[in-house]
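The structure appears right after this line, and notes come after that.
Hydrogens, waters and symmetry mates play no part in the numbers below; they use all other heavy atoms, side chains included. So that the names make sense, note that chain A is the first sequence line, chain B the second, and so on, each numbered from 1.
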Protein chains: 2
Amino acid sequence: MVKRTSFEGDSCPIARSLEALGDWWSLLIIREALFGVRRFGEFQSKLGMAKNILSTRLRSLVDHGILATAPASDGSAYQEYVLTPKGRGTFPILVALRQWSEAFDDHPEEIATILVDREKGRPVKKLEMRAEDGRLLSPADTTLKPRPAPRRRSA
Amino acid sequence: MVKRTSFEGDSCPIARSLEALGDWWSLLIIREALFGVRRFGEFQSKLGMAKNILSTRLRSLVDHGILATAPASDGSAYQEYVLTPKGRGTFPILVALRQWSEAFDDHPEEIATILVDREKGRPVKKLEMRAEDGRLLSPADTTLKPRPAPRRRSA
DNA sequence: CTTGTGTGGTTGCATCATAAAACCATATGC
DNA sequence: GCATATGGTTTTATGATGCAACCACACAAG
């Protein structure tokens, strides 16, 4: 097989997520969708990407349950692409990417926008990793454990 | 230009981060590096990827300041690839990807590992977005603001 | 010093994905 | 009915990917 290697069967959850949204465009399409974009042409003009690729990506995102097609909305008999809960669940990923750029980009002055708390207009805090009891965790405070075997009902 | 479109000049921080780590392998290489992998052959055998592509990706990650080459470490006169602070800063991104899989994957039973608090052995909490004052924020509670103009010193 | 072996890559193709533009189908406006 | 906008698909060229083979260097044994 010379195809791009698929991570579908991989047991690593990071690889599995990249299978769905690890290409050049998917996360940007989701970003636009989170801003309320729903129509093919709107995605295409805002992202400036080729229409065939947009078409492929939208289909892939629908197949992965990240977007769903809705029959219409404003009367016109066309199709719309709306985020599913799974799609909206990518929000922390986008925030993490944004914060990484804000923290480490070599030219942060080129970043045009900041994510703020709507109520106060102040930047949101950096994402933090915490234990169940609320302790702040650094990467070194964490480790990987094998997943417990699936619990079979009765025996 | 028929090349893969570059997001380098884009003003969106998400696009900018994808420029550095938005391809199929970079985040997985970083994942291994966070586990302590440093040598070419070790990356290659653990990830099962072609060596030329690994070579290209490592160079790209070094160029982006995510990895750095260290002259040696165990005496053998070869090179090592170690994460920079910028590279270690991707940790929240990987956690976000992992948690998204854990929450939304269609076959979660295939996920082999869980990320736990090393001290207690309990799963880490989901990443939360909070305001400066600690209020928990949903996506709808946030908005984007234009970045304030760069502050020039004196005038 | 020569041979062998392991590590760390680079080079050559064959194949796949991507991109731009042209084309097409359906709606909508006039 | 005709022009035009929307929402795509098809065509074709080129870049990226994947596999295998090859090469360079270090080190060790003979």
Separation of dT17(D) atom P from F7(A) atom CZ, nearest Å, is 11 Å
Whole-Å distance, D23(B) CG to dT17(D) P, equals 7 Å
Answer yes when R98(A) and E102(A) have at least one side-chain N-carboxylate O distance shorter than 4.0 Å, and no when they do not.
yes
note: E80(B), atom CD; dG8(C), atom P; distance rounded to Å ~ 9 Å
Distances under 3.5 Å between protein N/O atoms and the N/O atoms of nucleotides 9-13 of chain C, please, pair by pair.
unit_1, atom_1, unit_2, atom_2, d
dG9(C), OP2, Y81(B), OH, 3.2
dG9(C), N7, K51(B), NZ, 2.6
dG9(C), O6, K51(B), NZ, 2.7
dT10(C), OP1, R59(B), NH1, 3.4
dT10(C), OP2, S55(B), OG, 2.2
dG12(C), O6, N52(B), ND2, 3.2

To the nearest angstrom, the CE-P distance between M49(B) and dG8(C) comes to 15 Å
| field | Heavy-atom check, side chain of L67(A) versus side chain of V82(A), under 4.5 Å | value | no
- Task: Measure centre to centre between the rings of F7(A) and W25(B), then say whether the value is under 6.0 Å.
- Result: yes
Taken to the nearest whole Å, OH/Y78(B) to P/dC23(D) is 17 Å
Picking from dT18(C), dT17(D), dA20(C), the nucleotide nearest the side-chain atoms of I53(B) would be dT17(D)
Is there a donor in the side chain of N52(A) and an acceptor in the side chain of S55(A), or the other way round, less than 3.5 Å apart? no
Residues at least two apart in sequence or cross-chain that pass salt bridge (charged side-chain N to carboxylate O under 4.0 Å, His left out) with K126(A), listed by chain then number, are none
Considering just the side-chain nitrogens and oxygens of R39(A), establish if one lies under 4.0 Å of OP1 or OP2 belonging to dG7(D). yes
When rounded to whole Å, the CD to C1' distance for the pair Q44(B) and dG8(C) reads 10 Å
Per side-chain contact (heavy atoms from CB on, under 4.5 Å), D117(A) is matched among M129(B), R130(B), E132(B), R135(B) by R135(B)
Looking only at side-chain N and O atoms, does W25(B) come under 4.0 Å of OP1 or OP2 in dT17(D)?
no
Taken to the nearest whole Å, CG/L54(A) to C1'/dT9(D) is 13 Å
